[in-house]
Amino acid sequence: MPMFVDTSPPGQCIFCRLVAGEIPAALVYEDALTIAFMDIGQVTPGHVLVATRRHAATLLDTTPEEAAAVMQTARRVALAVQAAFAPPGLTLLQANGALGGQTVAHFHMHVVPRHEADGITLSWPRKEPPAAVLAGYAERLRAAL
């Protein structure tokens with residue numbers, strides 16, 4: 001994960017300042033709800049961030065319309081990345097909270113072109129709980145929905 005962590009207060013974060021035009025950005029796309037721009041910490045050529053225009057710290061702070069708009073813009077950007085850079089793979093990454101790997105507390109999604117030996121690793125320890133445990137987890141989620 002990136003070493004940069006934005007510690008600015010809500011509404012003054014680096015992405016809010018970017019949306020307001022207070023700091024420069026390599027803008028890729030924008031509409032009423034989203035903005036897509038190149039990450040200064042490029043992981044691979046064509047790495048783009050798609051963020052909400054309004055400050056929302058995490059997915060849980062977005063409106064359904066904003067969440068949908070970010071995914072629609074991410075898809076549009078992914079198609080452009082594919083056309084412009086022809087990567088053999090693509091990773092979309094969205095993190096929430098510091099423990100989730102979020103380094104800027106403004107809802108955003110990374111669109112990362114992937115190439116052989118690009119140095120990116122995404123892994124987690126696989127667990128295989130028994131079916132009864134999974135059924136219990138599913139029941140808890142259904143009750144919450």
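Remember, it's a predicted structure, so these values are computed and weren't measured experimentally. Numbering of residues begins at 1 and proceeds along the displayed sequence.
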Open item on the list: Run the side-chain contact (heavy atoms from CB on, under 4.5 Å) test on R114 and T44 for me, step by step, so that the C-alpha distance in whole Å, both residues' side-chain angles and the decisive distance to 0.1 Å come before the verdict.
Closed with: CA-CA 7 Å; R114 300 299 305 275; T44 60; 5.6 Å; no
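- Between A95 and G100 the shortest heavy-atom distance is CB-O, 3.3 Å.
- For the pair N96 (side chain) and T58 (backbone), a donor-acceptor distance under 3.5 Å is absent.
- H108 approaches H106 most closely through the heavy-atom pair ND1-O, 2.6 Å.
- Note on residues 135-145: pairs passing salt bridge (Lys or Arg N to Asp or Glu O under 4.0 Å), not counting sequence neighbours, are E139-R142.
- The shortest non-hydrogen separation linking D118 to P113 is OD2-O, 4.3 Å.
- Atom OG1 of T52 is separated from atom CD of E65 by 13.0 Å, given to the nearest 0.5 angstrom.
- Transitive grouping of hydrophobic side chains (ILVMFWY, heavy atoms separated by less than 4.5 Å) brings V77 and M71 into a common cluster.
- Of the inter-residue distances, the one linking Q94 atom CD with L49 atom CG reads 10.5 Å to the nearest 0.5 angstrom.
- V48 and L79 are assigned to two separate hydrophobic clusters, defined by single-linkage of ILVMFWY side chains at heavy-atom distances under 4.5 Å.
- Listed by chain and residue number, I35, R53 satisfy the side-chain contact (heavy atoms from CB on, under 4.5 Å) test with V19 (two or more places apart in sequence, or in another chain).
- Atom CE of M38 is surrounded by more than 12 heavy atoms from other residues, nucleotides or ligands within 6.0 Å.
- In this structure, E116 places its CD atom where only 12 or fewer heavy-atom neighbours from other residues, nucleotides or ligands lie under 6.0 Å away.
- Atom CD1 of I40 is surrounded by 12 or fewer heavy atoms from other residues, nucleotides or ligands within 6.0 Å.
- Interatomic distance, T7 OG1 to Q12 CD, rounded to the nearest 0.5 Å: 11.0 Å.
- Scored by the side-chain hydrogen bond (donor to acceptor under 3.5 Å, both in side chains) test, T34 finds D31, T73 as partners (sequence neighbours excluded).
- Shown here for F37 and A25, the closest heavy-atom pair between the two residues is CB-CB, 4.4 Å.
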TODO: I would like to know whether T91 and I120 meet side-chain contact (heavy atoms from CB on, under 4.5 Å); could you show each step before the answer?
DONE: CA-CA 10 Å; T91 295; I120 299 171; 5.9 Å; no
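- Hydrophobic clustering, defined by side-chain heavy atoms of Ile, Leu, Val, Met, Phe, Trp and Tyr closer than 4.5 Å, leaves L141 isolated from every other such residue.
- Nearest heavy atoms, A74 versus L92: CB-CD2, 4.1 Å.
- Tracing side-chain contacts under 4.5 Å through hydrophobic residues (I, L, V, M, F, W, Y), one never reaches F85 starting from V112; they form parts of separate clusters.
- Listed by first then second residue, pairs satisfying salt bridge (Lys or Arg N to Asp or Glu O under 4.0 Å) with a partner in residues 70-94 number zero, not counting sequence neighbours.
- Within the 4.5 Å cutoff, the side chain of T63 has heavy atoms near those of the R54 side chain.
- The hydrophobic clustering, which links ILVMFWY residues whose side-chain heavy atoms are closer than 4.5 Å, places V28 and F107 together.
- Closest approach of V70 and A51 over heavy atoms only: CG2-C, 4.3 Å.
- M109 and L93 are not part of a single hydrophobic cluster, where members link through side-chain heavy atoms under 4.5 Å apart.
- At distances below 3.5 Å, not a single donor-acceptor pair connects side-chain atoms of Q82 with backbone N or O atoms of L90.
- Cluster partners of L134, using a side-chain heavy-atom cutoff of under 4.5 Å among ILVMFWY residues and allowing indirect links, are V133, Y137.
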